[in-house]
Amino acid sequence: DMAGAATVLGAVQAIAALKLPVNVVGLMGLVENMPGGRAMKLGDVLWSRAGKTIEVLNTDAEGRLVLADVLNVAVEQGAGHIIDLATLTGACVVALGTDVAGLMTNDDAWCAKIEEASRTCGEPAWKLPMFPEYTEQIQSTVADIKNIGKGRWAGAITAAKFLEEFVDDVPWTHIDIAGPAFLDAPKPWCDAGASGAFVRTLVEVARGYKP
């Protein structure tokens, strides 16, 4: 999931270089992902930074555990609006392919500004539904929530529903960049490898931001 953190870093550097008159805070969850004797196991119940308990039913869905704590820091610091980015799910690539990012939000007006910025920058994104019914898939019988949904269905959305649990009422949009963050082969406008997808979109959002 490091591509999301790299995107945030790149965007903050660009916003600073452009001297945009906006108060932007970039938060990155930088952790090691190495097994050891204290590694989490299936069935473990973890305490999140926000105080919610999480049942671990997939140890590969660890990036969202880190991101949950990062979102809680953003809320605690008084963020007026939040955007998070992560190469969070293969399910988003299955749904949208490798060229299009998924957008999921708790605030349609905030998401619309991000959609507009992505169109301006030529970075395709598509909004996915966040109906309340999806929340039922992450309910746990032994904790507040679990870190995956029921089976493989709507995996990108249930992952976003998990993250939504940690943003309180702050307008928030999650961008799943699992598809466009890395190119297996070069394209006319980008070399193969890490693409820097959505750095430009974040800069454009900052450029037009009005609190």
Side-chain angles (χ1 to χ4, degrees), residues 1-18 20 24 26-35 58-68 70-71 82-105 111-130 147-149 151-163 172-208:
D1 293 335
M2 69 82 59
T7 303
V8 170
L9 178 59
V12 170
Q13 287 181 314
I15 290 165
L18 292 168
L20 299 182
V24 172
L27 300 171
M28 292 156 281
L30 307 179
V31 299
E32 290 283 7
N33 188 9
M34 299 174 67
N58 186 333
T59 54
D60 191 42
E62 84 292 357
R64 66 195 66 179
L65 300 175
V66 177
L67 192 50
V70 175
L71 290 169
I82 297 174
I83 302 172
D84 80 68
L85 304 95
T87 54
L88 203 61
T89 66
C92 198
V93 185
V94 171
L96 299 177
T98 57
D99 296 319
V100 182
L103 301 177
M104 287 142 276
T105 189
C111 189
K113 295 181 186 301
I114 297 163
E115 288 180 286
E116 182 180 358
S118 73
R119 285 193 297 269
T120 298
C121 296
E123 296 184 315
W126 192 257
K127 184 179 174 185
L128 298 174
M130 289 281 280
N147 75 329
I148 56 169
R152 58 190 293 197
W153 312 121
I157 298 171
T158 55
K161 277 294 184 183
F162 175 88
L163 297 177
W172 155 84
T173 294
H174 162 62
I175 309 179
D176 193 326
I177 57 173
F182 192 91
L183 302 182
D184 291 328
K187 294 190 176 183
W189 61 90
C190 191
D191 291 334
S195 67
F198 283 82
V199 170
R200 289 177 295 172
T201 293
L202 292 183
V203 173
E204 188 65 22
V205 171
R207 191 193 309 276

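Computed from a predicted structure; not experimentally measured.
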Checking the side chain of [X] only, and the main-chain atoms of [Y] only, is there a donor and an acceptor separated by less than 3.5 Å?
X	Y	result
Asn147	Asn58	yes
Asp176	Gly102	no
Thr98	Gly179	no
Ser195	Leu183	no

Looking only at heavy atoms, which two atoms of [X] and [Y] are closest? And how far apart?
X	Y	answer
Cys121	Arg200	SG-O, 3.4 Å
Ala101	Ile175	CB-CG2, 3.9 Å
Ala192	Ala185	CB-C, 3.8 Å
Ala159	Leu88	CB-CD2, 3.7 Å

Measure the spacing between [atom1] of [X] and [atom2] of [Y] and express it to the nearest 0.5 Å.
X	Y	atom1	atom2	value
Cys92	Trp126	SG	CH2	13.0 Å
Ile177	Thr7	CD1	OG1	4.0 Å
Leu85	Phe198	CG	CZ	8.0 Å
Leu128	Leu96	CG	CG	5.5 Å
Ile157	His174	CD1	NE2	10.5 Å
Leu163	Leu67	CG	CG	5.0 Å

*Which is it for Thr89 and Thr158 under the side-chain contact (heavy atoms from CB on, under 4.5 Å) test, yes or no, and what are the steps along the way?*
CA-CA 10 Å; Thr89 66; Thr158 55; over 6 Å; no

*Flag side-chain contact, heavy atom, 4.5 Å: Leu202 against Ile15*: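 Side-chain contact under 4.5 Å: no.
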
*Quick one: does Ile148's side chain get under 4.5 Å of Arg64's, heavy atoms only?*
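Sidechains of Arg64 and Ile148: in contact.
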
*Could you walk me through whether Leu65 and Phe162 pass the side-chain contact (heavy atoms from CB on, under 4.5 Å) test, one step at a time?*
CA-CA 9 Å; Leu65 300 175; Phe162 175 88; 3.8 Å; yes

_Checking Arg207 now: which residues fulfil salt bridge (charged side-chain N to carboxylate O under 4.0 Å, His left out) with it, not counting sequence neighbours?_
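Salt bridge (charged side-chain N to carboxylate O under 4.0 Å, His left out) list for Arg207, sorted by chain: Glu204.
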
_Contacts of Thr105 that satisfy side-chain hydrogen bond (donor to acceptor under 3.5 Å, both in side chains) - sequence neighbours left out_ =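 Partners of Thr105 by the side-chain hydrogen bond (donor to acceptor under 3.5 Å, both in side chains) criterion, ordered by chain and then number, come out as Thr173.
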
*Could Glu115 and Lys127 be called an ion pair, given the rule that one side-chain N must be under 4.0 Å from one carboxylate O?*
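Looking at Lys127 together with Glu115, the answer is no, because their closest N to O distance does not fall below 4.0 Å.
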
